[in-house]
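All figures in this text were calculated on a predicted structure; none of them were measured in a lab. Residue numbers begin at 1 in each chain, while the letters A, B, ... track the order of the sequences.
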Protein chains: 2
Amino acid sequence: MKRIDHLDRQILQILQDDGRTPYTEIAHQLKISEGTVRSRISRLLHDGVFEFVIRTDPVKLGLNVQTIIGLNTKLGLQQQVAEELSQLPEVRFVGAFSGKHDLIIQAFFYSNTELIHFVNERLSRIEGILGADVSLELRQYKDSFSYVREDEVAINEKG
Amino acid sequence: MKRIDHLDRQILQILQDDGRTPYTEIAHQLKISEGTVRSRISRLLHDGVFEFVIRTDPVKLGLNVQTIIGLNTKLGLQQQVAEELSQLPEVRFVGAFSGKHDLIIQAFFYSNTELIHFVNERLSRIEGILGADVSLELRQYKDSFSYVREDEVAINEKG
DNA sequence: TATGAAACGAATACCAA
DNA sequence: TTGGTATTCGTTTCATA
């Protein structure tokens, strides 16, 4: 995989704001040709650096109950638990972490009833879960995917 | 805002997989006209139900250190702290929660050095933060934005 | 269904190793 | 001279009225 250079990052920054910005418009903004934009985007897509998606508003879809759940798992069963959780449609994110919880997941529900059902019925039936700390989202301040920064190394190992 | 119906959800499901699926292709898959697809997408965009974005792979951009940080804040200063955190480019997500932590954030860094710098320099200077539990992501199992489900109410208030 | 805009494929030009 | 990248242009596909 070729290294991502400054021009790639500039293209990504524009697409972060609007995933539908035409190649011609990107080319114009960056003062390069449309072909360059196209070939770079093809390469970045091919290398899996990014993909075109849509971001839906969970609340507008009726998913009013948003949670982050920290889980502790039995030694040796963490991966299996993580994989089972990943199958569930309510679960958006699953990661293994160091820290107070072995696994942290993010899950969305249509109602508190559905959340309770999830914890009592779904989680309780997964072998290897020792405990679950449910945090209920009261307010969201930021949920951005614009994390492409101009330069890779802001603070290097000596900083 | 008009209610989101089954057909809207089907359109969103297709776009979740590929945000650039042509209207004609969506129309063909759902056996409806292209005009219907277009008018529905316009309405959904207008209502803020979804937006076209790109999803970049943080690791491929060099953001190898991914964290979830739980914060406790001084009474009365939570909102101010949340807003300050939202300004920081390293921070992707900020939410207020009920549970063990008042605020939960997700942040990405280029290196452990940058993470340490963030905690010691950035966080420590924000007034109102009482404590921070840093969880370091060791492995990611799922990070999906495909949370549009076929039907809104899987389990209703009586279920 | 027609019109303009955007995306695409392929040939060519450029540049640096 | 060669491999990689940028440009250009003709064609096709798409969005839109």
Side-chain angles (χ1 to χ4, degrees), chain A residues 1-57 60-61 144-153 156, chain B residues 1-64 110 145-148 150:
Chain A
M1 193 183 114
K2 201 190 157 284
R3 186 167 175 72
I4 294 159
D5 68 14
H6 187 67
L7 186 54
D8 293 331
R9 285 175 191 271
Q10 286 184 298
I11 292 170
L12 291 173
Q13 283 189 323
I14 291 169
L15 287 173
Q16 277 178 157
D17 289 335
D18 178 4
R20 271 187 154 187
T21 313
Y23 294 177
T24 47
E25 169 63 23
I26 298 172
H28 179 75
Q29 280 189 38
L30 300 179
K31 306 209 193 320
I32 54 179
S33 74
E34 177 270 345
T36 302
V37 175
R38 184 150 37 98
S39 64
R40 291 204 171 226
I41 286 178
S42 303
R43 196 193 70 234
L44 293 168
L45 285 172
H46 176 267
D47 290 347
V49 175
F50 84 102
E51 57 185 340
F52 289 99
V53 293
I54 59 168
R55 186 171 136 52
T56 47
D57 182 335
K60 295 218 166 117
L61 292 171
S144 158
F145 297 97
S146 305
Y147 44 74
V148 176
R149 289 187 247 160
E150 283 288 323
D151 297 298
E152 177 156 344
V153 183
N156 64 29
Chain B
M1 193 182 115
K2 198 182 158 291
R3 184 167 176 70
I4 294 159
D5 68 12
H6 186 65
L7 187 54
D8 292 330
R9 285 174 191 271
Q10 286 184 298
I11 292 170
L12 292 173
Q13 283 188 324
I14 291 170
L15 288 173
Q16 277 176 156
D17 289 335
D18 178 4
R20 288 210 295 187
T21 312
Y23 294 178
T24 47
E25 169 63 22
I26 297 172
H28 178 75
Q29 281 187 39
L30 301 178
K31 305 208 194 321
I32 53 178
S33 76
E34 179 271 345
T36 303
V37 175
R38 182 150 38 95
S39 64
R40 294 213 171 216
I41 287 178
S42 301
R43 196 194 70 233
L44 293 168
L45 284 171
H46 177 267
D47 289 348
V49 174
F50 83 100
E51 59 184 340
F52 290 99
V53 294
I54 61 169
R55 188 171 137 51
T56 47
D57 181 335
V59 173
K60 296 217 164 117
L61 292 171
L63 294 162
N64 299 297
Y110 288 116
F145 297 95
S146 305
Y147 44 75
V148 177
E150 284 288 322

Inset, instruction - May I ask you to decide if G62(B)'s main-chain N or O and N64(B)'s side chain share a donor-acceptor pair within less than 3.5 Å? - result: yes
Legend entry - Test item: Q16(B) side-chain N/O and V148(B) main-chain N/O as donor-acceptor pair under 3.5 Å: yes
Inset, instruction - Quickly work out the R20(A) CZ to dA6(C) P distance and round it to whole Å. - result: 12 Å
Legend entry - Atom pair distance, as rounded to whole Å: CD in E25(A) and P in dA15(D): 18 Å
Legend entry - Between P of dT5(D) and CD1 of I41(A), the distance in whole Å: 16 Å
Legend entry - Footprint string (nucleotides 11-17 of chain C, 5' to 3'): B base within contact, S backbone only, - free, heavy atoms under 4.0 Å: -------
Inset, instruction - Give a yes or no on whether the backbone of L61(B) and the side-chain of R9(A) come within a donor-acceptor separation of less than 3.5 Å. - result: yes
Inset, instruction - Please name all residues satisfying ring pair (Phe, Tyr, Trp, His ring centres under 6.0 Å) with Y23(A), sequence neighbours left out, ordered by chain then number. - result: none
Inset, instruction - Ignoring hydrogens and angles, tell me if any N or O in the side chain of R20(B) forms a donor-acceptor pair with the backbone of G19(A) under 3.5 Å. - result: no
Inset, instruction - Report the distance from atom CG of L15(A) to atom CZ of F145(A), rounding to the nearest 0.5 Å. - result: 15.5 Å
Legend entry - Euclidean distance, atom CG of residue L15(B) to atom P of dC14(D) [Å, nearest integer]: 14 Å
Inset, instruction - Rounded to the nearest angstrom, tell me the gap between atom CG in L30(A) and atom C1' in dT5(D). - result: 16 Å
Legend entry - Donor-acceptor contact present, side-chain K60(B) to main-chain D47(A), <3.5 Å: yes
Polar-atom pairs under 3.5 Å, protein N or O versus N or O of nucleotides 6-13 of chain D: list them with distances, or write none.
{"from": "dA6(D)", "atom 1": "OP1", "to": "R40(A)", "atom 2": "NE", "distance (Å)": "3.3"}
{"from": "dA6(D)", "atom 1": "OP1", "to": "R40(A)", "atom 2": "NH2", "distance (Å)": "2.7"}
{"from": "dT7(D)", "atom 1": "OP2", "to": "S33(A)", "atom 2": "N", "distance (Å)": "2.8"}
{"from": "dT7(D)", "atom 1": "OP2", "to": "S33(A)", "atom 2": "OG", "distance (Å)": "2.5"}
{"from": "dT7(D)", "atom 1": "OP2", "to": "T36(A)", "atom 2": "OG1", "distance (Å)": "2.3"}
{"from": "dT7(D)", "atom 1": "O5'", "to": "S33(A)", "atom 2": "OG", "distance (Å)": "3.3"}

Legend entry - Whole angstrom value for the distance that separates P of dT16(D) from CG of L45(B): 10 Å
Inset, instruction - Using whole Å, report how far CZ of R3(A) lies from C1' of dG4(D). - result: 18 Å
Legend entry - Nearest heavy atoms of V59(B) and D57(B), plus distance in Å: N-OD1, 3.0 Å
Inset, instruction - Using a cut-off of strictly less than 4.0 Å, decide whether Y23(A) has a side-chain nitrogen or oxygen near OP1 or OP2 of dA5(C). - result: no
Legend entry - Integer-rounded Å distance: dA6(C) C1' and Q29(A) CD: 16 Å
Inset, instruction - Answer yes or no: is there a donor N or O on one side and an acceptor on the other, between the side chain of D5(A) and the main chain of L7(A), under 3.5 Å? - result: yes
